[in-house]
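In what follows, a single structure is set out as C-alpha cells and then discussed.
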There are 2 protein chains.
Amino acid sequence: MHNYQDAQLLDQSPDEPWQAPSARRRLSSHPLYLQVRNVIAQRITSGEWKPRMTIPSESELAREFNVSVGTMRKALDVAVSDRLLTRRQGRGTFVNDHSSTEHAARYSNIRNPEDSHVRGEVTIVSIIETSVNETEVIRLRMRPKERVHRIRRVWASQGKPYMLEDLAMPARLFPGLVSPEDASLHIAPLAQKVGLLLGRHDERISIDKAAPDIADVLKTDTGTPLLRLDRIVYSLQDVPVEWRLAQCLLEDRYYFAQYR
Amino acid sequence: MHNYQDAQLLDQSPDEPWQAPSARRRLSSHPLYLQVRNVIAQRITSGEWKPRMTIPSESELAREFNVSVGTMRKALDVAVSDRLLTRRQGRGTFVNDHSSTEHAARYSNIRNPEDSHVRGEVTIVSIIETSVNETEVIRLRMRPKERVHRIRRVWASQGKPYMLEDLAMPARLFPGLVSPEDASLHIAPLAQKVGLLLGRHDERISIDKAAPDIADVLKTDTGTPLLRLDRIVYSLQDVPVEWRLAQCLLEDRYYFAQYR
DNA sequence: TAGTGGTCTAGACCACAGA
DNA sequence: CTGTGGTCTAGACCACTAA
C-alpha cells in the first residue's frame, strides 16, 4: 500500500513551497520524518516561522505535508530534541527563541558559588575580518584564504574583569557581522540572527598561567592560573560555526558541566 | 475501546512476574510505556537480564506485556536513551555492559593531547566505612549517622601519578564493598555489579593549588595548579550514588566536555 | 466546550543480518 | 529465507488549556 515518501523536500529549492508527492518513493536516503524535520528547520532558518511563534497543529501540518499524524509527530519530536521547538499540551507548538536567557545560558558554564550563572558585562576589545590562520583552518574546517571574523572581548562582573575571549567565526556564515552590538552577543542569539541553527559543541578545559598581556587585561598578576576553555560550536548540519578560546579568572567561581 | 493500562507493574513486588491486566485503567500516574520501561530496568537490576544478553524481540515482549508493539517500542526507545539497551537492526536488542570500555569511558573525561582517553593505573590509598560527615549529608542527600564508604585512590599514567580521587558512596547502596578490586573500579562497572542503574551526573570544575600532602602524593610542588573536579553521580531514579572530589595534575592533558 | 498535544492500538511494509 | 528492528499509516481516546 505505501511506499516511502520521496526526497522532494530535501532537493527542492528553498523558495519553493512543500510539494506533496503523489507517488511515494524513497529516493532520499533519509526517512520521511527526517525530511519533514528538515523542512521545519528550513522554515525557521528562512524566517517564515519566527521565534516565539505558534506553529500550526500537528494535524494541520500532517495534512499540509501529506504524511500521517504519527510521522508528523515524530518529525516534531526530533525538532524538539534539536531545540528548535517547544510543545505544551493543550497550548500548542512554539518556535524556540535562542535570544532568550534560558537558551543563551546553554553556552555559558561559569557559575557563582551559589550556583547562579555569572551575568557579566561585555566589552569589545577588537573586531576584524581577515584571512584564516592555520589553526582556524583546522578547527573551523575552512580553506586557506577564506575570511573569518575575529573578535576579542572581555567579560566583567561588578566592574571586575574575569574572562577574556578570542572568537573566530567563518565570515561566510555571518555576513554583515560588523557592529559592536552583534559582536557582544552570545553565539546562540547571534546564530539566530543570521538564520543558523546550532547543534552540538565541545569544549577542552585546561589550565593556563596568565601571560603578561592577559594578566594586564584581567587585572591580575602574570602567572596566575586561569581556566582555559577551548570550544567549538557546530551547526545542526555539523559545520563548525564558532571557535572560542577563553581564559577565565575563576576566583570563587567554577565551571559547571551537566551530563544526562 | 482502550483505556489505559493500570499500574500493576509499578506496584507489584519485584519478585512477582508481570501481570497482564485485563481491565485497563490508569491507576498509575505514569503512562504505560514508562511502566514497561521500569519493568525492563528491574529485570536488568535483578540480574534476570544480564549484560550483553539478547532480550526477546519487541513483538514477543509486546505479547508478554499485553501492550501494542508501538507502546513496547516506545518503552524500548526510552530504555535505549537511558543507556540500558542497544538495538541493532536485523540483529536484536542487547543489554548494555557498563563494565565495557565504551560505557566506563563516559565517566572519565581526562584526555591526552591526541584526544585519546588517559588510561591510568589505579592505586588504592585507603578504604574505610564510617559515618557521614556534614558535606556528605548534603551532597549525597543522606541522614546523619548513615554509613558511607570513603575511598582514596591515585591514578598514574606511565608510572607518573596525575590524579588523586576522594570518593564517598552511601554504604546502603553498595553492600559488601570492601575489596580493593571493587574499590579500583570506575563507578559504572561498580554500579552494575550491585544492580544500580546510573542516570545523570554533574561536575563542578575549578582550580586548586596543591596542598603539601597532595603535592606529595602527586610528586609535584606545593602550590602547583590542579584541576579540581567535584562530581556527583545520580541513579536512574535520581538518587545520589557517588560523590567524587578529584584533583588532577594536567600537564599536557585536558578535560573534555561534549554537549549535544 | 473546542482545540491542542500525549498516549495507545493494530497492522502494513522496508532494510538489514545471519543461517 | 526468516526474523529482527525501523518506518509509516489510520484512527481512537486521554489530559490539559483557554475561551
Side-chain angles (χ1 to χ4, degrees), chain A residues 1-7 9 20-38 40 53-81 84-96, chain B residues 1-7 9 20-38 40 53-81 84-96:
Chain A
M1 176 176 178
H2 307 288
N3 295 320
Y4 283 158
Q5 175 79 42
D6 80 359
L9 254 183
S22 48
R24 313 206 146 197
R25 270 158 280 116
R26 191 167 179 177
L27 301 179
S28 159
S29 59
H30 290 91
L32 235 194
Y33 69 88
L34 283 183
Q35 299 177 44
V36 172
R37 197 267 331 228
N38 288 340
I40 292 171
M53 193 179 124
T54 306
I55 70 170
S57 69
E58 59 184 36
S59 56
E60 280 183 74
L61 289 171
R63 215 176 306 126
E64 184 197 350
F65 287 171
N66 196 26
V67 301
S68 73
V69 180
T71 298
M72 194 66 230
R73 166 166 280 271
K74 184 147 186 177
L76 291 166
D77 285 346
V78 173
V80 166
S81 84
L84 303 179
L85 303 175
T86 298
R87 314 195 75 186
R88 289 186 209 153
Q89 190 174 20
R91 304 217 13 223
T93 302
F94 307 87
V95 178
N96 284 339
Chain B
M1 175 175 179
H2 307 288
N3 296 320
Y4 282 157
Q5 175 79 43
D6 79 0
L9 254 182
S22 48
R24 312 205 146 198
R25 271 158 280 116
R26 191 166 178 176
L27 302 179
S28 159
S29 59
H30 290 90
L32 235 193
Y33 68 88
L34 283 183
Q35 298 176 44
V36 173
R37 197 264 334 226
N38 288 340
I40 292 171
M53 194 181 124
T54 305
I55 70 169
S57 70
E58 58 185 35
S59 56
E60 280 184 74
L61 289 171
R63 214 176 308 126
E64 182 196 353
F65 287 171
N66 196 26
V67 301
S68 74
V69 180
T71 297
M72 195 65 231
R73 166 164 280 272
K74 186 149 185 176
L76 291 166
D77 285 346
V78 173
V80 166
S81 84
L84 303 179
L85 303 176
T86 298
R87 316 195 75 187
R88 291 189 207 148
Q89 190 173 21
R91 307 222 3 230
T93 301
F94 306 87
V95 178
N96 284 340

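On a predicted model such as this, the values are computed, not experimentally measured, just so you know.
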Rounded to whole Å, the CG-C1' distance (B:Asn66 to C:dC8) equals 12 Å
A:Val95 and A:Leu85: side-chain contact (heavy atoms from CB on, under 4.5 Å), yes or no, with the steps?
-> CA-CA 5 Å; A:Val95 178; A:Leu85 303 175; 4.2 Å; yes
Between A:Thr71 and D:dT9, is there a side-chain N or O to OP1/OP2 distance below 4.0 Å?
-> yes
Interatomic distance, B:Leu34 atom CG to B:Lys74 atom NZ [nearest 0.5 angstrom] = 8.5 Å
Just compare D:dC8, D:dT9, C:dC8 and give me whichever is closest to any side-chain atom of A:Pro31.
-> D:dC8
Might you work through the side-chain contact (heavy atoms from CB on, under 4.5 Å) test for B:Leu76 and B:Ile55, ending with a clear yes or no?
-> CA-CA 11 Å; B:Leu76 291 166; B:Ile55 70 169; 4.1 Å; yes
Taking CE from B:Met72 and C1' from C:dG11, how many angstroms apart are they, rounded to a whole number?
-> 18 Å
Does B:Tyr33 make a side-chain N or O approach to OP1 or OP2 of C:dC8 shorter than 4.0 Å?
-> no
N or O in side chain of A:Lys74 less than 4.0 angstrom from D:dT7 OP1/OP2 = yes
Taking CZ from A:Arg37 and P from D:dT7, how many angstroms apart are they, rounded to a whole number?
-> 13 Å
Euclidean distance, A:Arg91 CZ relative to A:Thr54 OG1, rounded to 0.5 Å = 7.5 Å
What N/O pairs connect the protein and nucleotides 2-5 of chain D at under 3.5 Å? Give each pair on its own line.
{"from": "D:dG3", "atom 1": "N2", "to": "B:Gly90", "atom 2": "O", "distance (Å)": "3.1"}
{"from": "D:dT4", "atom 1": "O2", "to": "B:Gly90", "atom 2": "N", "distance (Å)": "3.1"}
{"from": "D:dG5", "atom 1": "OP1", "to": "B:Thr93", "atom 2": "OG1", "distance (Å)": "2.8"}
{"from": "D:dG5", "atom 1": "OP2", "to": "B:Glu58", "atom 2": "N", "distance (Å)": "3.0"}
{"from": "D:dG5", "atom 1": "N2", "to": "B:Gln89", "atom 2": "NE2", "distance (Å)": "2.7"}

Is there a donor-acceptor contact under 3.5 Å from the side chain of A:Gln35 to the main chain of A:His30?
-> yes
Within this structure, what is the CZ-to-P distance between B:Phe65 and C:dC8, rounded to whole angstrom?
-> 14 Å
Take the protein atom NE2 of A:His30 and the nucleotide atom P of D:dC8, then report the distance between them rounded to whole Å.
-> 12 Å
Using atom CZ of A:Phe94 as one end and atom C1' of C:dG5 as the other, report the distance to the nearest whole Å.
-> 10 Å
Heavy atoms only: give me the nearest A:Glu58-A:Met72 pair and the separation to one decimal.
-> O-CG, 3.5 Å
